[in-house]
Protein chains: 2
Amino acid sequence: MSSPAPPCVVLAPDSFKGSLDAPGVCAAMARGLQRVWPGAEIRSCPMADGGEGTLDAVLSRGGERRSRTLTGAGGAPRVAAYGLVATSAGPAAVIEAAEIVGITDADGMAVDVGARSTRGIGELLGALLDDGLRRFMVGLGGSSTNDGGAGMLAALGLVLADARGTEVAPTPAGLAALARVDAGGLDLRLRECTITIMSDVDNPLTGERGATATFGPQKGVRGAEVAAFDATLARYAALLEGALPAGAAGTAAKPGAGAAGGLGFALQLLGGDPRSGAEVVADLIGLDAALAGADWALTGEGRTDAQTLAGKAPYVVARRARAAGVPISLLSGAVDAAALPALTRVYAGCFALPAGPATLAECIGGTGSLAADRAEQIARVWAAARGERSAP
Amino acid sequence: MSSPAPPCVVLAPDSFKGSLDAPGVCAAMARGLQRVWPGAEIRSCPMADGGEGTLDAVLSRGGERRSRTLTGAGGAPRVAAYGLVATSAGPAAVIEAAEIVGITDADGMAVDVGARSTRGIGELLGALLDDGLRRFMVGLGGSSTNDGGAGMLAALGLVLADARGTEVAPTPAGLAALARVDAGGLDLRLRECTITIMSDVDNPLTGERGATATFGPQKGVRGAEVAAFDATLARYAALLEGALPAGAAGTAAKPGAGAAGGLGFALQLLGGDPRSGAEVVADLIGLDAALAGADWALTGEGRTDAQTLAGKAPYVVARRARAAGVPISLLSGAVDAAALPALTRVYAGCFALPAGPATLAECIGGTGSLAADRAEQIARVWAAARGERSAP
């Protein structure tokens with residue numbers, strides 16, 4: 001009995017957070033598929049959503065990884081990676097905020113959130129401006145800071161001062177005394193720049209759905225401090241919007257201003273364009289080109305539920321696969337049973353890692369091997385349905 | 001885009017022991033498939049291996065369920081079901097030992113294993129002989145008795161006596177005093193009978209791999225009693241083989257004599273032919289006919305590991321599916337990861353119930369719904385591979 005040619009499969013999972021990065025998940029899935037089809041054409045397109053792992057995902061498909069010593073969130077120097085990639089519009093720098101002020105950085109987390117700042121991000125932008133770059137893609141998500149992006153702006157020339165004109169630190173604690181801002185020294189080269197903000201957060205800067213109320217507690221803002229932090233950011237934003245041209249007014253209320261502790265606000269003030277992180281990553285890694293002509297695609301993430309369909313990476317991959325006419329299946333660490341009916345409209349089969357009763361720790365510890373096994377088994381169904389003989 | 005006609009799928013799972021019977025698993029799998037293919041032709045063939053659930057599986061495809069009040073393992077009367085089916089060789093009775101002397105019967109289990117007997121099985125055989133039946137298929141497995149089938153033989157006319165000629169009870173305790181057996185009164189009609197023994201146990205009656213050493217403890221034989229129980233069965237067997245025609249010699253050593261606490265020995269003495277329970281069930285339910293012309297098959301069981309390939313129901317189904325040229329996938333409660341390479345040579349995809357980290361209790365409690373969901377997701381891969389559009 002003759003069998004069809006081995007298929008061309010696109011692998012485009014997000015990372016399985018806390019367990020395995022997206023390139024690692026791709027590699028595991030590929031191992032499983034190759035057991036079924038040693039000759040399969042596998043196109044690995046590790047995905048990300050603008051948060052942690054974005055740089056690895058983007059650079060896995062090309063570009064150059066560089067690093068630079070910058071000020072970490074807590075003030076200590078930190079060697080942080082960034083990427084240089086070619087885009088159709090010219091060279092661009094890919095910056096992952098979590099690389100510089102990440103919530104997984106122990107040095108930064110050892111310092112109280114009131115004293116953390118995004119200064120290192122401004123330092124990197126300044127250095128890249130010196131290098132001649134004018135195109136930036138900044139991934140938010142996974143930050144430990146709540147400074148409204150004041151640190152970044154200070155590093156780029158913004159002056160923040162108290163009522164007596166003394167400069168204050170660009171941190172929540174410093175900004176508590178903020179009375180005046182002077183934007184006159186802001187790096188003028190920023191006007192020539194295109195800044196793409198990668199995020200999947202649509203919160204405004206302040207208020208009930210603001211950065212502090214929503215994300216502050218996980219960064220260490222204590223319940224009793226939330227109101228004060230929020231008020232500080234509100235005054236900071238009002239002063240800043242007032243000190244800039246008229247177009248700046250209302251920026252704090254815009255969707256995404258509350259991303260990364262208000263770094264989203266500051267980047268939007270600089271003209272940054274907030275986009276879905278997963279969509280930008282999909283563009284950067286050339287996902288559409290990889291899907292063109294493919295027979296099948298696999299995506300996944302640590303845990304899939306109804307929120308996934310609100311625009312997370314596996315949904316962006318599914319939308320593009322559908323547009324390309326490529327059927328796509330889902331293999332995640334876990335799949336919420338209640339979401340299956342909705343997921344089923346998007347995915348040709350939703351699967352999870354465990355092969356039987358298992359604890360979360362077992363799934364996390366065995367992700368690579370489980371993902372390979374599961375991808376293999378799904379592929380065996382695919383092969384059988386296509387009339388391929390199973391192994392002898 | 002036009003889609004192929006909905007497929008014809010055979011569902012032939014064993015029960016998920018302790019959780020859902022085989023007809024229930026079939027129904028759940030069918031629900032899942034119908035969500036993908038409302039027009040699919042689904043051929044439900046619940047399987048069993050000769051143990052508990054055998055009667056339900058066989059009768060789900062035809063035949064007549066009857067019941068009769070018989071002596072349970074502990075001596076109390078018990079209404080037990082049996083089946084009458086048509087076979088190519090004529091009418092046959094299907095008897096499930098576990099229905100009469102089952103380890104899940106609380107009345108029987110309340111009585112010490114030393115006082116339990118298989119008398120009820122002999123009573124049923126006698127009554128069916130009176131009804132004119134001469135063809136019996138007896139499923140072993142799941143019994144609570146360790147009497148070497150003495151109770152059954154006593155009900156059919158065997159006399160068991162001590163050294164003074166006083167009759168002893170056909171139980172382990174009674175047989176301890178056994179000195180003589182008289183087979184002269186055994187029902188002569190048994191000679192005209194065809195007895196098929198359904199079992200997947202190949203243990204001999206006594207010794208290290210014997211009924212008592214292997215299965216006694218789970219029936220309540222205490223560690224210190226094993227040797228005495230085993231010696232009692234050995235003497236009983238020697239006396240019995242000596243009292244019967246020469247062909248009986250050596251029966252206790254035959255594979256399967258140790259099934260169901262030695263009921264396998266007694267049935268073999270009566271001319272019973274031990275066969276794989278799953279093979280007999282597959283024949284009775286017409287599995288080969290169901291597979292003929294089918295596009296795909298699904299089997300499964302509570303837990304699949306390397307032992308499954310030693311001849312358990314899902315393996316028998318797979319062998320027959322392969323012979324019929326039908327690809328077959330496996331959906332079990334759990335699948336042993338270490339066995340996957342071997343299972344993969346047999347099944348086009350092996351899957352388990354959980355959709356994420358889950359406890360055994362969660363899997364058992366949700367078996368029906370999980371099996372439906374999982375079957376649906378596997379079917380969606382099948383459909384996509386065949387070029388069917390996923391749901392809108």
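The figures that follow rest on heavy atoms only: side chains count, while hydrogens, waters and symmetry mates do not. Each chain gets a letter, A, B and so on, in the order the sequences are listed, and its residues count up from 1. Computed from a prediction, not measured in an experiment: that's the story for all the values here.
Atom CG of Leu340(B) and atom CZ of Arg380(A) lie 9.5 Å apart (nearest 0.5 Å).
Contact annotation for residues 366-377 of chain A against chain B (heavy-atom separation below 4.5 Å, listed by residue number): Asp373(A), Arg374(A), Glu376(A), Gln377(A). Contacts of residues 352-359 of chain A with chain B at a heavy-atom distance below 4.5 Å involve Ala352(A), Pro354(A), Ala355(A), Gly356(A), Pro357(A), Ala358(A), Thr359(A), listed in sequence order.
Under a cut-off of 6.0 angstrom, the local environment of CD in Glu52(A) is sparse, with at most 12 non-hydrogen atoms contributed by other residues, nucleotides or ligands.
Taking the side-chain contact (heavy atoms from CB on, under 4.5 Å) definition, one finds that Ala282(A) meets it with Met47(A), Leu287(A), Val316(A), Arg320(A), sequence neighbours left out.
For residues 288-346 of chain A, the ring-ring contact (aromatic ring centres under 6.0 Å, His included) pairs, not counting sequence neighbours, are Trp296(A)-Trp382(A).
Heavy atoms closer than 4.5 Å to chain A are found in both the backbone and the side chain of Cys350(B).
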